[in-house]
Amino acid sequence: MGEMTALDDWNIACLRLEDYLRAHRVRNREHLVRLTLSLLDQAHSLQTMAPNRAPLDVTMELAMTRTEEWFSRLADDTASPDAQLAARGRAVWFASGLHREWPSAFLDPHPPAELLAAVRSASLQAGPSLEFTSMARAAVDYGPMEDLAHETWQQFSWGHVLRAFVIWVIIFFAAYGAWLAFFPR
Amino acid sequence: MKFRRAADLSNEAASLRQALFLATGGGITIAGTWLLADQFRSTGITPVEYALLTLFVVLFGQIAFGFSIALWGFVVRLLGEPFQIMETLENGECESPGTTAVVMPVYNEDPARIFRALENMLVSLRETGRSETFDFFILSDSNQPDNWIDEECAWASLCSRLRAYGRVFYRKRRVSLHGKSGNIADFCRRWGRRYRYLVILDADSVMTGDTLVRLSRAMDANPRVGLIQTAPRIVRGKSFFQRLIQFSTHSLGPVFSAGANFWHLSAANYWGHNAIIRLQPFMEHCVLPELPGRESAARHILSHDTVEAALMHQAGYQVWFAYDEPGSYEEGPPNLTESLKRDRRWAQGNLQHFWFLLAPRTPFANRIHMFFGLMAYLSAPLLVLFVALSAVDFYGKQQYAIFSEQIGGIADSWWTSLYLLALTIVLLFASKVFGLLHTLPRARHFGGVVALVASSAIEALCSVLMAPILLWFYSKFVVLTILGLRVQWKTQNRDDSAIHLGQALREYGVLPVLAIVLGSCAWYWTPALTLWLSPILLGWLLAVPFVMLTSSERAGEWLRRRRLLLIPEELETPEVLKHLDEPPPELARPESLSNIPHYGILLAMLAPYANSVHTALLRRSRARTQHKEEYLEALSTRLLSGGPDALDRREMMALLWNADALAALHRRLWRAREDELHPWWRYAMHHYYEAYSPRR
């Protein structure tokens with residue numbers, strides 16, 4: 001039972017690993033199998049040292065660490081690998097169709113010089129280098145209407161309007177009552 | 001003298017033309033007002049009639065000045081226009097051509113359409129051999145994750161496919177402050193100094209490479225020109241409504257454009273897109289001011305373009321209208337509802353221009369632009385008021401006529417009314433006749449003479465039916481804007497232009513009811529008035545079927561097959577407009593994924609490509625606090641266990657803006673057991689594997 005569970009776990013890890021590699025457009029069957037086996041072998045060794053960890057977890061972490069290092073080096077081998085560099089390298093790998101041009105190069109520890117040049121010449125930038133300019137709002141003189149409006153806004157309140165309305169309603173009805181009182185029909 | 005430089009334009013020539021234009025419009029207004037006053041005089045002018053006369057001057061003046069533009073445009077089309085800014089290109093080559101940034105601000109528009117258009121423009125520009133001085137920018141304010149991710153992937157692939165790295169850029173704004181004008185201002189602050197000119201496009205704009213180069217050269221040749229606006233042709237219409245509008249702009253537009261250029265020459269208006277701007281004065285003088293107002297939202301200028309043109313002109317730079325420049329295109333709204341939604345925004349914006357009308361330093365020509373823009377909407381409630389007062393006056397006169405012995409005098413005034421009505425009809429339809437006469441020599445580009453005349457008749461009939469609908473909605477927009485209230489529209493499915501019965505009744509159902517009630521009242525109290533009101537009543541009565549019919553793509557196609565409402569671009573599609581409906585290869589979504597909701601989120605979190613493009617474009621957060629990391633970690637956990645619906649849009653955007661959180665989420669997702677994930681993830685991942693990484 002225990003052996004069957006372990007086998008199932010490794011099968012799940014193997015399938016996920018294949019999906020991950022295919023998601024990187026590794027279409028070359030031979031290359032895919034070779035990479036899968038190599039990574040699974042290494043994952044097996046790692047899992048032996050940490051038996052509490054699930055095979056899926058160990059395998060995928062290893063695969064992702066390897067790809068991140070590889071893409072980092074592809075983008076810039078002078079800097080220490082990091083997620084941002086890896087993102088840049090991976091983005092160019094896909095966007096430039098390099099996976100089609102070099103179908104067996106993925107995770108190759110010694111990628112071809114042309115591939116390196118192609119990745120490094122492509123710049124994924126949101127824009128050219130910044131040249132900030134401070135822009136001040138145009139000063140516009142709106143004339144006397146602006147002063148009038150400001151005065152109105154300063155003095156205006158719905159409370160005043162309501163008060164005036166109530167007063168005038170009272171005056172109206174008082175006058176109407178007086179009219180009826182003094183000039184009955 | 002040959003017009004070789006914009007600076008050659010003398011003040012006298014500009015003043016003479018403005019005088020001619022104003023005299024024509026003003027003269028007709030005076031004549032019309034005289035006729036109405038003459039009618040009123042027969043029975044003595046009452047206070048209501050004084051009010052009617054005042055309103056009449058404003059309303060009839062608008063018709064008269066519209067006619068004046070069409071008339072002078074027609075004259076110019078017959079005799080030729082010596083003052084055209086693009087004529088100055090004959091000066092030869094500029095030794096140091098200016099660098100130009102072509103920017104396209106986008107906000108959740110279809111990424112496939114945006115990037116196809118960009119690709120076509122870039123290819124067209126390269127064919128001119130002058131592309132090295134142009135850079136393209138997509139300035140995204142999209143706040144839908146699907147659009148955002150699609151835009152990024154399409155951009156990266158386009159750069160690669162066309163070898164355009166460092167030539168085409170994509171910038172996503174974190175805070176979408178002040179809409180499109182804020183988006184452009186943000187660009188100017190970041191990169192404005194790097195470029196001499198700025199070409200502004202809309203998300204549905206397309207311009208040929210040749211036009212881009214010519215505009216840039218025209219700016220090189222005329223250093224005192226601050227802005228050149230082209231007259232974009234509305235194209236690619238499918239629904240009846242779109243085809244109607246595009247035919248109208250193709251047949252009537254040239255006469256009106258020439259007429260507009262006739263009177264304003266170097267003081268043209270700016271429409272906000274399909275225009276080239278000189279950046280240095282734009283950045284120095286055209287930063288939008290704040291309006292007087294108590295609330296910050298009310299202080300922001302909505303219709304920025306007209307104000308920017310005024311500020312540019314005020315700063316001493318010329319603003320020209322390259323009305324005959326081909327190769328500038330845009331698309332129209334698919335139906336009347338979408339068109340009204342746009343009008344609602346424009347109405348709010350144009351009413352704000354009231355402040356600039358009274359500002360002491362606003363140039364005279366810009367005051368006229370603003371006045372016309374304001375009156376385009378304000379005239380609707382004024383017309384309603386005019387009709388209401390007319391009804392009161394009419395009723396009074398009817399009573400008077402019954403008891404008066406001076407029935408002969410009333411009868412005479414009827415003839416005057418008929419003259420006035422005839423004059424109004426002539427003024428309204430003359431522009432259509434001018435347009436038709438101008439287009440007739442090129443009738444073969446519109447499907448032939450018979451098709452052109454029939455199309456013009458359809459266009460005229462539809463405009464008669466549509467005017468009362470606009471009258472109602474424009475009045476509503478103005479009144480609600482003045483009261484500070486918002487007009488509510490339920491969002492409709494933009495993929496489908498058709499307006500179905502339920503929606504039509506909901507949005508336009510009040511109009512036939514109003515027509516029946518008003519018509520019955522008029523018939524009961526003043527039967528003769530019903531005849532005068534009949535054009536309005538008929539438009540309202542037919543509003544629902546009219547809106548439904550015009551929204552139909554089938555009706556549009558039916559007309560096209562019969563060569564009706566044809567435009568030249570439908571007979572021979574320019575290269576730059578081809579394949580705009582076909583998504584670029586990078587955006588072609590596999591069929592198995594076409595129905596998955598939150599597709600962009602799936603790509604951003606799971607797909608190595610989309611995830612890496614997205615994170616590569618994000619700035620690394622410098623301020624990493626434990627609280628923030630815990631918050632993002634909690635969001636990630638909720639997203640994985642609860643699916644995308646477990647987060648609201650603000651929370652989703654918080655995750656999508658954080659490169660570290662996204663990278664971590666990507667890793668967690670690939671390492672997660674299926675039973676740890678929400679069913680949506682299992683379903684979406686299964687389809688993703690099948691689509692993008694099929695097992696053999």
Side-chain angles (χ1 to χ4, degrees), chain A residues 12 15-16 18-26 29 54 56-57 59-61 63-64 67-68 71 83-98 121-147 149-150 153, chain B residues 135 137 153 156-157 159-161 165-166 169-172 185 188-194 283-294 311 355-356 358-361 586 606-609 611-617 620 659-660 663 666-667 670-671 673-674 688-689 692-696:
Chain A
I12 290 168
L15 286 173
R16 183 68 65 83
E18 279 193 358
D19 284 330
Y20 185 70
L21 295 174
R22 283 197 184 96
H24 282 86
R25 309 286 193 271
V26 180
R29 185 80 190 154
L56 174 64
D57 188 44
T59 309
M60 289 313 297
E61 184 174 303
M64 286 190 280
T67 50
E68 189 171 303
F71 279 122
Q84 191 74 1
L85 262 183
R88 218 175 73 198
R90 178 152 40 195
V92 175
W93 167 259
F94 283 110
S96 301
L98 302 177
S121 65
S123 65
L124 270 182
Q125 288 175 285
S129 52
L130 296 171
E131 286 189 24
F132 282 110
T133 309
S134 170
M135 288 161 53
R137 286 184 187 282
V140 172
D141 171 17
Y142 292 105
M145 276 303 288
E146 185 181 10
D147 300 331
H150 275 304
W153 287 324
Chain B
D135 285 348
F137 289 79
C153 292
S157 300
C159 287
S160 156
R161 203 151 35 81
Y165 286 115
F169 300 102
Y170 174 86
R171 191 279 275 122
K172 167 87 175 86
C188 291
R189 287 195 180 92
R190 287 164 187 266
W191 297 295
R193 274 166 54 190
R194 296 182 66 97
M283 290 162 64
E284 263 176 43
H285 305 287
C286 302
V287 182
L288 291 176
E290 284 200 328
L291 293 171
R294 284 192 296 182
L311 292 172
W355 291 105
F356 292 91
L358 304 168
R361 287 193 63 215
E586 55 275 8
L606 184 74
Y609 174 35
N611 180 269
S612 56
V613 171
H614 185 77
T615 49
L617 286 175
R620 274 289 193 272
D660 294 325
H666 178 70
R667 294 175 81 95
W670 278 103
R671 286 161 59 183
R673 289 196 320 271
E674 288 204 347
Y688 174 81
Y689 298 150
Y692 288 112
S693 50
R695 298 192 179 97
R696 294 199 180 154

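By convention in this document, chain letters (A, B, ...) are assigned in the order of the sequence lines, proteins followed by strands, and residues within each chain are numbered from 1. Note that this is a predicted model, so its numbers are computed, not measured.
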Top contributor to chain A interface from B/Arg189, B/His285, B/Arg171 [non-hydrogen pairs under 4.5 Å]
B/Arg189
Between B/Arg194, B/His666, B/Lys172, the one whose heavy-atom pairs under 4.5 Å with chain A are most numerous
B/Arg194
Is there a side-chain contact between B/Ser612 and A/Trp93 in this structure, where contact means two heavy atoms from C-beta onward sitting under 4.5 Å apart?
no
Non-hydrogen atoms of chain A under 4.5 Å away: do they reach the side chain of [X], the backbone, both or neither?
X	result
B/Ala156	both
B/Leu311	side chain
B/Tyr170	backbone
B/Leu291	both

Closest approach of B/Arg193 and A/Thr133, non-hydrogen atoms and distance?
CD-OG1, 2.8 Å
Separation of B/Tyr689 OH from A/Glu18 CD (nearest 0.5 Å)
12.0 Å
Supply the atom-to-atom distance B/Glu674 CD to A/Ile12 CD1, rounded to the nearest 0.5 angstrom.
7.5 Å
Hey, is the main chain of A/Leu56 close enough, under 3.5 Å, to the side chain of B/Arg671 for a donor-acceptor pair?
no
Measure the acute angle between the ring planes of B/Tyr609 and A/Phe94, then classify it against the limits of 30° and 60° as parallel, tilted or perpendicular.
tilted
